[in-house]
Amino acid sequence: MIKHEQQAGVLKIVFDRPEKKNSFTGAMYRTLREVLIAGDLDPAVKVILLSGAGNIFSAGNDIQDFINSPITLEDAPPITLLRTLAELKKPLIAAVDGFAVGIGSTLLFHCDLVYAQKDARFIFPFIALGLVPEGAITLLMPRLIGHQRSSEILFFGEPVSAQEAQKLGFVNKVILESSALQYAEERAKVLTAMSFGSLLQTKALLKSGRLKSEILEQIDAEASLFMERLKGPAAKEALSAFMEKRVPKFKDLD
Ligand code: COA
């Protein structure tokens, strides 16, 4: 489900549940978080690299899991994971092939470098699911691309192509010839040969000042609305509709 291997200073983490489009269960979030924390503390790890198996990055939270065990203040594995990502000290690279949906897209805003294969698609379907965005995306996205562009993406939830994402600035490079992973591995290798101290301090400086605390505050503010909405009628309808492979009916549902 979450595979990982360490090779020449690079911790490679793979979301590996292709039969469910690498959607995350509670157990996967927990393992992913443990692996990230261990990698961040391990002196042998210089760079962390995220990718998905089977030509898809991730379809976001497992929707059946949301129905069966909605996240709560006491137990919110996706929110805990997002906080860990926001506080990670080591350089974090994502290689995106195929779809990145929901948290599969929001987590990219906590990566330092994002490489996408030319057919990659980014979807932020929170309103379509009767929810609100998470992962401080309502802070990080407008900061990067502006309010109106963020509203277009978050209100409509339509797929953003790799080329568009690069133009907007949340993808560093679109990979035309090889897989995004191959390119990301090459970039990670370049980083491992650099002065590690300089690299760590540069990442820390990029995230210094009020930014980190603002991100953590926004993650929490979004999470409390998200959890409330998850129990509401619109989200219940949208999540059941997805599992039943039908179009949701939002009429009169807030
Ligand atoms: N949670 C649970 N199961 C999921 C899932 C998710 N987030 N995303 C996909 N799956 C399952 C499907 O139910 C299907 O299962 P089945 O084979 O038992 O019917 C299987 O994965 C394949 O998905 P399918 O939708 O048929 O693949 P696709 O290639 O046509 O579409 C996506 C891929 C990613 C565009 C589509 O699956 C999708 O939109 N997923 C939902 C994403 C979402 O809204 N995530 C946000 C959650 S907050």
Side-chain angles (χ1 to χ4, degrees), residues 1-2 14-32 50-72 75-83 85 94-110 116-138 140-141 153-162 164-165 180 219 222-250 253:
M1 298 271 193
I2 297 291
V14 183
F15 315 145
D16 187 21
R17 195 185 177 219
E19 71 287 1
K20 294 288 177 192
K21 304 289 172 186
N22 300 333
S23 55
F24 294 105
T25 60
M28 285 169 74
Y29 287 123
R30 288 189 187 92
T31 310
L32 177 55
L50 304 176
S51 65
N55 294 321
I56 177 153
F57 188 67
S58 170
N61 204 103
D62 183 294
I63 291 184
Q64 191 61 57
D65 232 35
F66 261 160
I67 296 172
N68 295 349
S69 32
I71 54 173
T72 60
D75 186 29
I79 311 302
T80 320
L81 171 72
L82 287 162
R83 292 183 66 94
L85 285 169
V96 182
D97 279 336
F99 283 102
V101 191
I103 196 170
S105 277
T106 52
L107 71 76
L108 299 173
F109 283 74
H110 299 281
Q117 204 268 337
K118 66 180 187 329
D119 298 322
R121 293 283 177 279
F122 305 85
I123 310 181
F124 302 83
F126 302 102
I127 296 179
L129 292 171
L131 297 168
V132 291
E134 29 95 288
I137 198 79
T138 54
L140 294 171
M141 193 189 272
I153 291 175
L154 295 175
F155 287 3
F156 295 101
E158 291 160 348
V160 178
S161 68
E164 184 65 18
I219 288 178
E222 291 168 347
S224 79
L225 288 172
F226 190 102
M227 289 180 212
E228 210 174 283
R229 294 209 63 84
L230 199 53
K231 291 184 278 185
K236 281 198 172 130
E237 164 60 11
L239 299 174
S240 312
F242 177 79
M243 293 316 295
E244 291 158 18
K245 300 188 191 292
R246 61 175 175 82
V247 177
K249 295 192 195 94
F250 286 119
L253 298 182

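Both counts, for ligands and for their atoms, begin at 1 and track the order of listing.
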- Query: Under a heavy-atom criterion of less than 4.0 Å, does E19 contact ligand 1?
  - Reply: yes
- Item | D16 atom CG, over 12 foreign heavy atoms within 6.0 Å | yes
- In terms of residue, atom name and distance, what is the protein heavy atom nearest to atom 1 (N) of ligand 1? I63 N, 2.8 Å
- Message: Nearest 0.5 Å, please: how far is CG in L230 from CG in L239?
- Response: 6.5 Å
- To the nearest 0.5 Å, how far apart are CD1 in I63 and CG in N68? 12.0 Å
- Item | Atoms of ligand 1 close to K245 [distance to a heavy atom under 4.0 angstrom, numbered from 1] | 19 (O)
- Please work out which of the three classes, parallel, tilted or perpendicular, describes the rings of F226 and F66, given edges at 30° and 60°. tilted
- Using a cut-off of 6.0 Å, state whether more than 12 heavy atoms not belonging to E228 lie near its atom CD. no
- Task: Provide, to 0.1 Å, the distance between atom 42 (C) of ligand 1 and the closest protein heavy atom, together with that atom's residue and name.
- Result: A59 O, 3.3 Å
- Which of T31, D62, L32 passes side-chain contact (heavy atoms from CB on, under 4.5 Å) with F24? Answer is L32
- Does A100 offer a backbone N or O that forms a donor-acceptor pair with the side chain of S105 under 3.5 Å? yes
- Under 4.0 angstrom from atom 25 (O) of ligand 1, is there any protein heavy atom? no
- Message: Less than 4.0 Å from atom 48 (S) of ligand 1, is there any heavy atom belonging to the protein?
- Response: yes
- Item | Per-residue contact class, D62 against ligand 1 - non-hydrogen pairs under 4.0 Å | both
- Task: Check each atom of ligand 1 against the heavy atoms of F66 and keep those under 4.0 Å away; list them by number with element.
- Result: 48 (S)
- Within-shell test, F126 vs ligand 1, heavy atom, strictly < 4.0 Å: no
- Report the member of E134, K20, R121, K21 with the shortest heavy-atom distance to atom 17 (O) of ligand 1. K20
- Message: Heavy atom to atom 6 (C) of ligand 1, shortest distance: which of P18, S23, G157 holds it?
- Response: S23
- Considering heavy atoms of the protein only, find what lies nearest to atom 7 (N) of ligand 1 and give residue, atom and distance to 0.1 Å. N61 O, 2.9 Å
- Item | Under-4.0 Å heavy-atom contact between protein and atom 45 (N) of ligand 1 | yes
- Task: Run the numbers for me: atoms of ligand 1, each under 4.0 Å from some heavy atom of F242, listed by number.
- Result: 4 (C), 5 (C), 8 (N), 9 (C), 13 (O), 38 (C), 40 (N), 41 (C)
- Message: Applying salt bridge (charged side-chain N to carboxylate O under 4.0 Å, His left out) as the test, list every pair that has at least one member in residues 233-247; sequence neighbours left out.
- Response: E237-R246, E244-R246
- Message: Is there a side chain to side chain contact (heavy atoms under 4.5 Å, CB included) between F99 and I123? Walk through the geometry before answering.
- Response: CA-CA 8 Å; F99 283 102; I123 310 181; 3.7 Å; yes
- Query: Can you tell if the side chain of F57 reaches within under 4.5 Å of the side chain of N22, non-hydrogen atoms only?
  - Reply: no
- of all protein heavy atoms, closest to atom 32 (C) of ligand 1 is F99 CD1, 4.4 Å
- Task: Just jot down the ligand 1 atoms closer than 4.0 angstrom to any heavy atom of L129, in number order.
- Result: 44 (O), 46 (C), 47 (C), 48 (S)
